[in-house]
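These notes are about the structure you will find just below.
As the structure lists them, so they are numbered: ligands from 1, and atoms in each ligand from 1. Along the sequence shown, residues carry numbers from 1.
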Amino acid sequence: MMEETMLDKALVRLEEAARHLNIDSDVLEKLKYPRETIKARLMIRMDDGSRKSFMAWRCRYDDTRGPTKGGIRFHPDVTAEEVETLAFWMTIKCAVTNLPYGGGKGGVRVDPRSLSRSEIERLSRAYVQAFARVIGPDRDIPAPDVYTNAMIMGWMADEYSTLMGESMPAVVTGKPIALGGSLGRNDATARGGYYLLNHLRDELKLEKGGRVVVQGFGNAGQYIAELMAQDGYRVVAVSDTGGAILNDDGLNVAELIALKKNGKSVVDLAGQNGTIKISTDELLAVPSDVLVPAAMEDLIHKGNAASIRTRVILELANGPITAEADTILNAAGVIILPDILANAGGVTVSYFEWVQNKQGFYWTVEEIHERLRRIMEAEGKLIWDLAKEQNIPVRTAAYVHALGRLAEAIEAHGTQAFFTA
Ligand SMILES: NC(=O)C1=CN([C@@H]2O[C@H](COP(=O)(O)OP(=O)(O)OC[C@H]3O[C@@H](n4cnc5c(N)ncnc54)[C@H](O)[C@@H]3O)[C@@H](O)[C@H]2O)C=CC1
Ligand SMILES: O=C(O)CCC(=O)C(=O)O
């Protein structure tokens, strides 16, 4: 028997949602496979004059609802299958928030920490050269993800514009403001999750002063810690690849962010003002009101799920909880606000950036925040109410919500031909 792949495991959640809807079997057949996954070997010149090559992928999973959209990840362990699974989640996520997009994702197998800034620039430009026929402002629109950032998106947009011979900022989102980026994209993933949590605060019985634990302290993790601390929550434990720290009186989030900006790990704060170093598994067992996974997939699994002492999980990471762990946590009464809803703020503000680029007319940060808040609250509440009405986990409700929209679009398309790679 063939081993179940990461995508197979992700699809189980879609199949479960389909049981709550009366949809044509064609819909599931269409959503079970990526439309196309392209791979390329990127060859770049290193600073010492040598050449080095890196595997890279771009997956356009489904474009029924619009151009495919999703980030590019630079990570030493990235695989084609991971990229396809992340692109599948993007397809569902864009339908959750009703953005006019399908789902895509990209990856380069590289440890960017081992490259210089100019090597990363050459790699980013090589990615665009390799995938120039795949991406495009009305075809497939990349954005940042793990270990990529605004600077990289700026290089990518610039390379694409150079290749096409005209300014095309709408090909990539998450760019620097000076190159057509949107105000509010930097903290959008965390802010969207924060608006959702805040809107459901009464239902979740959350109170100011509540304890927050954050796994992963990058873009999503730092901003959620900052927003929650500003709102009176106590961020008691955080982690990164260097390890984890705990302070029951609350960590100094601003100090931690400054530390990270200087290229250090959160564990470098251990030993100061009652902050202690703990293991990454101990982090999950720290009692909290809200646990925020903001690192990588599958870090919460059947081996550590039972140790988790929290009431609410806000999934800012994509796919941080395995299906087995999900079952354990649901049985324990932990409410999980799932990735496809909780972290949709990032792609939502990416959509705003794309609209602004196409219009050539830019919005204030207040307008961005207000539009983001409205979407997160409206979609979040519909999903929450569906979960209560049907007595199903919020994750299943989010899939049902998205699948309804996808089914409508797939059926409306009729017998559109599609090809798999
Ligand atoms: N950046 C964005 O706009 C969006 C990101 N996401 C998801 O959020 C998650 C985090 O992404 P970003 O914050 O953008 O990445 P990032 O590259 O800014 O930060 C990743 C962080 O995770 C930490 N990390 C990695 N492996 C870890 C481990 N095993 N244990 C603890 N910490 C670990 C790293 O040290 C780093 O602090 C990913 O799942 C990503 O797909 C989701 C939606 C949008
Ligand atoms: O901003 C975007 O377009 C996509 C962000 C992303 O990769 C994600 O939501 O996982």
One finds that the ligand 2 atoms under 4.0 Å from a non-hydrogen atom of M90 are 4 (C), 6 (C), 7 (O), 8 (C), 9 (O), 10 (O)
Check: G346 N/O within less than 3.5 Å of ligand 1 N/O: no
In ligand 2, which numbered atoms sit nearer than 4.0 Å to a non-hydrogen atom of A143? 1 (O), 2 (C), 3 (O), 4 (C)
Residue-level breakdown please: for R185 versus ligand 2, do any non-hydrogen atoms fall below 4.0 Å on the side chain, on the backbone, on both, or on neither? side chain
State whether R139 and D63 are salt-bridged, where the test is any N-O pair (Lys NZ or Arg NE/NH1/NH2 against Asp/Glu carboxylate O) under 4.0 Å. no
So is G174 touching ligand 2 or not, going by heavy atoms under 4.0 Å? no
Among A294, A317, A342, the residue with a heavy atom nearest to atom 10 (C) of ligand 1 is A294
Regarding N273 and N247, do their side chains bring together a donor and an acceptor under 3.5 Å, going by distance alone? no
With no hydrogens and no angle check, just 3.5 Å: does a side-chain donor-acceptor pair link D289 and Y233? no
Taking atom 18 (O) of ligand 1 as the reference point, the nearest protein heavy atom with its distance: N219 N, 2.8 Å
Any chance the side chains of Y101 and D62 put a donor and an acceptor closer than 3.5 Å? no
Is any NZ, NE, NH1 or NH2 atom of the basic residue among K9 and E297 found under 4.0 Å from an Asp or Glu carboxylate oxygen of the other? no
Looking at R73 and E82, is any side-chain nitrogen of the basic one under 4.0 Å from a carboxylate oxygen of the acidic one? yes
At a 4.0 Å threshold, what atoms of ligand 1 neighbour a non-hydrogen atom of G216? 22 (O), 23 (C), 32 (N)
Of the protein's non-hydrogen atoms, which lies at the shortest distance from atom 8 (O) of ligand 1, and what is that distance? L316 O, 3.3 Å
Which atoms of ligand 2 are found less than 4.0 Å from any heavy atom of N318? 10 (O)
Enumerated ligand 2 atoms positioned under 4.0 Å from heavy atoms of G71: 4 (C), 6 (C), 7 (O)
Below 3.5 Å, N or O to N or O, backbone or side chain included: is there any such pair between R73 and ligand 1? yes
Can you pull out the closest protein heavy atom to atom 9 (O) of ligand 2? Residue, atom name and distance to 0.1 Å, please. K93 NZ, 2.6 Å
Heavy-atom nearest neighbour in the protein, as seen from atom 44 (C) of ligand 1, with distance rounded to 0.1 Å: T189 OG1, 3.2 Å
Can you check whether E297 has an N/O within less than 3.5 Å of an N/O in ligand 1? no
Just which atoms of ligand 1 are under 4.0 Å from any heavy atom in S239? 31 (C)
So, R191 and Y195: side-chain donor and acceptor under 3.5 Å apart, yes or no? yes
Using side-chain heavy atoms (C-beta onward) and a distance below 4.5 Å, is K260 in contact with V238? no
Is there a polar contact between ligand 2 and N343, counting only N or O atoms under 3.5 Å apart? no
Using only heavy-atom distances, determine whether the side chains of R185 and S350 contain a donor-acceptor pair under 3.5 Å. yes
Taking only heavy atoms of V146, which atoms of ligand 1 are found under 4.0 Å from at least one of them? 11 (O), 15 (O), 17 (O), 38 (C), 40 (C)
In plain terms, say whether R373 and E370 are close enough for a salt bridge, that is, a side-chain N and a carboxylate O under 4.0 Å apart. yes
What residue and heavy atom of the protein are closest to atom 3 (O) of ligand 2, and at what distance? K69 NZ, 2.7 Å
Counting heavy atoms under 4.0 Å, the part of D145 that contacts ligand 2 is side chain
Taking side chain as C-beta onward, heavy atoms only, is I120 less than 4.5 Å from S124? yes
Do T162 and E159 get their side chains close enough for a donor-acceptor pair, meaning under 3.5 Å? no
Closer than 4.0 Å to some heavy atom of G346 - which atoms of ligand 2 meet that? 1 (O)
Which one holds for V349 and ligand 2: side chain close, backbone close, both close, or neither close, with close meaning a heavy atom under 4.0 Å? neither
Nearest-neighbour protein heavy atom for atom 5 (C) of ligand 1, which is reported as residue plus atom name and distance: D145 OD1, 4.0 Å
Looking only at distances, please establish whether an N/O atom of ligand 1 is found under 3.5 Å from an N/O atom of A295. yes
Taking E377 first and then K381, would you say they form a salt bridge - that is, a charged N and a carboxylate O separated by under 4.0 Å? no
Can a donor-acceptor pair be found between the side chains of T5 and E81 at a distance below 3.5 Å? no
Polar proximity ligand 1 side, M296 side, N/O cut 3.5 Å exclusive: no
Pair D140 + R35, salt bridge at N-O below 4.0 Å: no
Note: heavy atom closest to atom 26 (N) of ligand 1, options T241, N343, T148, belongs to T241
Looking only at protein heavy atoms, what sits closest to atom 13 (O) of ligand 1 is A220 N, 2.9 Å
Note: R395-D339 ion pair, threshold 4.0 Å (strictly below): yes
Could you find the nearest protein heavy atom to atom 29 (N) of ligand 1 and give me its residue, atom name and distance? L299 CD1, 3.6 Å
Applying ring pair (Phe, Tyr, Trp, His ring centres under 6.0 Å) as the test, list every pair that has at least one member in residues 143-164; sequence neighbours left out. H75-Y147
If we only count N/O pairs under 3.5 Å, is K93 in contact with ligand 1? no
In this structure, atom 17 (O) of ligand 1 is nearest to the protein heavy atom Y147 N, 2.8 Å
Do the side chains of E29 and K32 get close enough for a salt bridge, i.e. N-O under 4.0 angstrom? yes
Using a strict 4.0 Å threshold on nitrogen-to-oxygen distance, state whether D158 and R125 make a salt bridge. yes
Output yes when E36 and R60 qualify as a salt bridge under the 4.0 Å nitrogen-oxygen rule, no when they do not. yes
Atom 1 (O) of ligand 2: which protein heavy atom is closest, and how many Å away? S350 OG, 2.6 Å
Starting from atom 7 (O) of ligand 2, find the nearest protein heavy-atom neighbour and note its residue, name and distance. K105 NZ, 2.7 Å
Check: G218 N/O within less than 3.5 Å of ligand 1 N/O: yes
Answer side chain, backbone, both or neither: which part of R185 comes under 4.0 Å from ligand 1, heavy atoms only. side chain
Applying a strict 4.0 Å limit to heavy atoms, is T280 in contact with ligand 1? no
